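Only heavy atoms go into these numbers, but all of them, side chains included; no hydrogens, no water, no symmetry mates. Quick caveat, the model's predicted, so the values are computed rather than measured. Naming convention: chains lettered A, B, ... in sequence-line order (proteins, then strands); numbering from 1 in each chain.
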Number of protein chains: 2
Amino acid sequence: MSQLPEQPADTSIPTSADVARLAGVSRATVSYVLNNNTTVRISESTRRRVREAASDLGYVPHAAARSLRAGHTRTVLLPAAHVPAGPLQQRFFIDLQSDLRRLDYTVVQYGSGGLDPDEAARAWAELRPVAVVSPVGMALTRVGIGVLTRSGAKAVITLGPQPVDGAHALVMDQREVGSCAVRHLLSGGRSRIGVVMPQEPGLAPFSEPRLAGALRALDETGADARIQPLPLRYEEASAEDLAARWRSLGLDSVFAYNDEYAMLLMRALQDAGVEVPGEVAVIGADDLMLGRLLRPRLSSVRMELATAQPLAEMIDRLVQHPGGAPERHYLLRARAVARESG
Amino acid sequence: MSQLPEQPADTSIPTSADVARLAGVSRATVSYVLNNNTTVRISESTRRRVREAASDLGYVPHAAARSLRAGHTRTVLLPAAHVPAGPLQQRFFIDLQSDLRRLDYTVVQYGSGGLDPDEAARAWAELRPVAVVSPVGMALTRVGIGVLTRSGAKAVITLGPQPVDGAHALVMDQREVGSCAVRHLLSGGRSRIGVVMPQEPGLAPFSEPRLAGALRALDETGADARIQPLPLRYEEASAEDLAARWRSLGLDSVFAYNDEYAMLLMRALQDAGVEVPGEVAVIGADDLMLGRLLRPRLSSVRMELATAQPLAEMIDRLVQHPGGAPERHYLLRARAVARESG
DNA sequence: TTGAAAGCGATACCAG
DNA sequence: CTGGTATCGCTTTCAA
């Protein structure tokens with residue numbers, strides 16, 4: 001019928017024009033059919049022809065072209081951390097991803113691989129995300145927030161221990177964790193409390209607030225007690241070292257940052273002949289399965305993270321009605337779980 | 001000077017046209033300056049004016065428009081798993097991301113949030129990635145691979161226990177792990193070997209090949225021994241249950257899938273009065289710090305994963321010279337680390 | 001019911 | 001050295 005050269009060979013990617021040609025209709029019609037546009041009525045036979053042509057050619061629409069035309073994307077950017085995340089965080093993000101997809105957003109994780117925070121924000125802005133959810137560890141400055149906002153982001157949300165000026169914030173206040181641990185130790189009659197400070201890079205945003213929370217708990221209860229930070233690397237040698245000079249520290253209890261550090265330290269203490277919980281009470285955090293398997297069973301601080309669903313809805317709401325004042329939500333609840341270790 | 005209405009108000013995102021207007025030049029010139037185009041000479045004063053205008057407006061180029069015009073992207077798509085990843089995997093991806101960024105690629109993780117594998121491939125293809133690196137757990141069918149290839153992906157690489165037809169593959173042959181564990185147990189004089197099979201969803205792609213490897217090792221050595229799969233959930237109750245009927249199983253050793261399951265099982269066995277390693281030898285895998293802290297210290301299979309660098313270079317090479325035969329690289333080396341548990 | 005055509009933002013030719 | 005202009009793939013008026 002048509003003498004057009006049918007040469008969309010192996011090398012060329014089919015476009016809607018190719019589909020139109022094959023179906024014998026115009027590009028407009030292709031668009032109507034494939035997007036199920038309801039404002040225009042297309043005959044059933046045409047629809048079939050178009051769909052067949054599309055699937056014959058293996059046509060896949062070009063997201064960039066589409067959003068260029070639309071003037072906006074439905075991309076939610078989730079800057080990827082450059083330090084491994086725990087299982088809880090990962091679960092949270094996976095759920096968030098599903099929930100947002102259900103609301104028809106495209107969630108994209110995009111690392112900043114060692115860029116300056118403001119350069120990173122620029123790189124993110126090139127994608128013109130409609131929303132940005134920045135996890136802890138991804139420094140987001142006021143400048144960066146400005147860049148993103150001016151590039152069309154309707155919602156910039158930080159997720160972490162402390163809010164950042166100018167953005168909405170989901171605050172997971174790690175101070176609660178330290179506070180909770182210390183109150184537990186105090187109520188058990190302990191008063192000379194060590195607080196493990198991991199020396200691994202990237203944990204400071206968690207460990208510092210936990211220490212601060214520990215100190216605050218002391219203040220609030222007005223107890224006659226003291227708190228001593230204990231630097232520790234996640235290595236046996238470091239723990240042995242600490243255990244060797246343990247008795248000289250004069251402590252009767254320790255909040256070990258989390259269950260893993262707690263296990264490391266507890267083992268070293270036991271090997272050095274320091275009795276747990278007799279001489280020293282130990283409490284971790286995260287309430288991992290691990291802790292229940294230790295002897296003595298490890299006391300821990302259990303964190304109840306909010307589910308991803310409300311965040312997804314918040315994002316959707318902010319995208320649809322932008323421009324409100326920065327919102328601030330606190331969503332970490334911590335609870336001490338007493339076991340045998342203190 | 002110019003009577004053009006300067007109304008790029010708060011609401012509108014600056015484009016290169018806005019920059020051109022402010023600098024008093026054409027859009028073409030803006031493009032030349034901002035991209036440091038060398039094939040054309042622009043006066044230093046013009047350059048300055050353009051750069052100033054761009055930074056005054058907070059101009060950020062529009063990635064979609066750019067790649068639409070260019071006809072291709074430099075996006076490497078990394079489908080995000082929907083099951084939490086271990087620290088090793090995460091480290092690998094973080095490194096890969098950095099390495100690729102250094103080669104000027106944009107690495108994007110994009111989950112498929114519960115889509116059908118082929119639908120997922122279509123969704124990915126909409127982004128027109130130049131390469132796709134599909135981790136284990138992301139089922140990628142031949143159809144999916146075809147969709148991606150026809151949409152312009154120059155390299156589709158699977159990463160996991162077994163290769164997928166039609167794509168390049170970085171094979172991390174988990175059979176090596178099981179094989180290694182069993183050879184170790186055999187050489188220690190054990191012959192009735194249990195193999196823990198985690199019941200958690202998503203682990204099958206790892207656990208099945210490990211079992212297969214265990215069986216293969218038996219075959220190869222021709223030892224007079226037997227292997228018995230042991231279903232186990234990652235819960236205390238499940239482990240207690242298994243431990244309670246342990247003696248009736250008549251096993252003298254167990255490969256516990258990994259160190260975490262090993263710890264779970266070992267604890268249950270000890271609590272049930274079964275001696276380790278006296279009655280039963282236990283070996284895990286991953287060689288976590290955890291294992292060294294247990295008593296007895298846990299034997300383990302240590303995996304040496306390749307670094308990300310070669311993969312990044314492979315991707316770059318495939319992108320530049322596409323069309324070769326599917327490559328297949330094996331990059332898991334496993335080694336038993338004998339400790340006290342067997 | 002369908003088609004022609006404008007235009008989203010950036011780039012790269014070719015004139016001037 | 002710099003400025004028009006065509007173009008990438010797609011959506012969406014407006015006409016026919």
Side-chain angles (χ1 to χ4, degrees), chain A residues 2 8 11-50 53-54 57-74 125-128 130 150-152, chain B residues 2 8 12-50 53-54 57-75 125-128 130 150-152:
Chain A
S2 116
T11 73
S12 81
I13 303 164
T15 73
S16 75
D18 296 320
V19 176
R21 212 169 307 145
L22 184 58
V25 300
S26 76
R27 274 154 57 239
T29 307
V30 172
S31 176
Y32 292 142
V33 172
L34 295 181
N35 293 315
N36 293 315
N37 190 321
T38 51
T39 69
V40 72
R41 310 208 63 81
I42 308 268
S43 73
E44 197 46 53
S45 71
T46 304
R47 302 191 100 88
R48 253 211 334 279
R49 278 216 317 290
V50 170
L57 291 174
Y59 169 71
V60 175
H62 192 306
R66 188 201 297 260
S67 61
L68 181 58
R69 168 67 224 226
H72 62 262
T73 68
R74 285 189 68 81
E126 293 191 1
L127 298 184
R128 296 289 189 272
V130 71
R150 260 176 288 114
S151 80
Chain B
S2 116
S12 79
I13 303 164
T15 73
S16 75
D18 296 320
V19 176
R21 211 169 309 145
L22 185 58
V25 299
S26 76
R27 272 153 59 242
T29 307
V30 171
S31 176
Y32 293 141
V33 172
L34 264 33
N35 293 313
N36 294 314
N37 190 319
T38 51
T39 69
V40 72
R41 310 209 65 78
I42 308 268
S43 72
E44 197 45 52
S45 71
T46 304
R47 301 191 102 89
R48 254 210 333 278
R49 279 214 318 289
V50 169
L57 291 174
Y59 169 71
V60 176
H62 193 306
R66 190 201 296 259
S67 62
L68 179 57
R69 171 63 228 229
H72 62 261
T73 69
R74 285 189 67 83
T75 300
E126 293 191 1
L127 298 184
R128 296 290 191 272
V130 70
R150 259 177 288 113
S151 81

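- One finds a side-chain N or O of B/Thr46 lying less than 4.0 angstrom from the OP1 or OP2 phosphate oxygen of D/dT2.
- The residue B/Thr39 sits apart from the nucleic acid: no heavy atom pair falls under 4.0 Å.
- Taking only distance into account, the side chain of A/Tyr59 never meets the base of D/dC10 through a donor-acceptor pair shorter than 3.5 Å.
- Side chain of A/Ala65, nearest nucleotide from D/dC10, D/dT2, C/dT11: D/dC10.
- Contact check, B/Asn35 against C/dA10: no side-chain N or O comes under 4.0 Å of OP1 or OP2.
- Within 4.0 Å of A/Ser67, counting heavy atoms only, lies no atom of the nucleic acid at all.
- Closest to the side chain of B/Tyr32, from the set C/dC13, C/dT2, D/dC10, is C/dC13.
- A/Asn37 comes within contact range of no nucleotide atom at all, as no heavy-atom separation falls under 4.0 Å.
- Evaluation of atom-type donor-acceptor distances gives a pair under 3.5 Å for the side chain of B/Arg69 against the base of D/dT7.
- Checked against D/dT12, D/dT2, D/dC10, the side chain of A/Ala28 finds its nearest nucleotide in D/dT12.
- Side-chain N/O atoms of B/Thr29 include none lying less than 4.0 angstrom from OP1 or OP2 on D/dT2.
- B/Val40 comes within contact range of at least one nucleobase, with a heavy-atom separation under 4.0 Å.
- The phosphate of C/dT11 (OP1 or OP2) has a side-chain N or O of B/Arg66 nearer than 4.0 angstrom.
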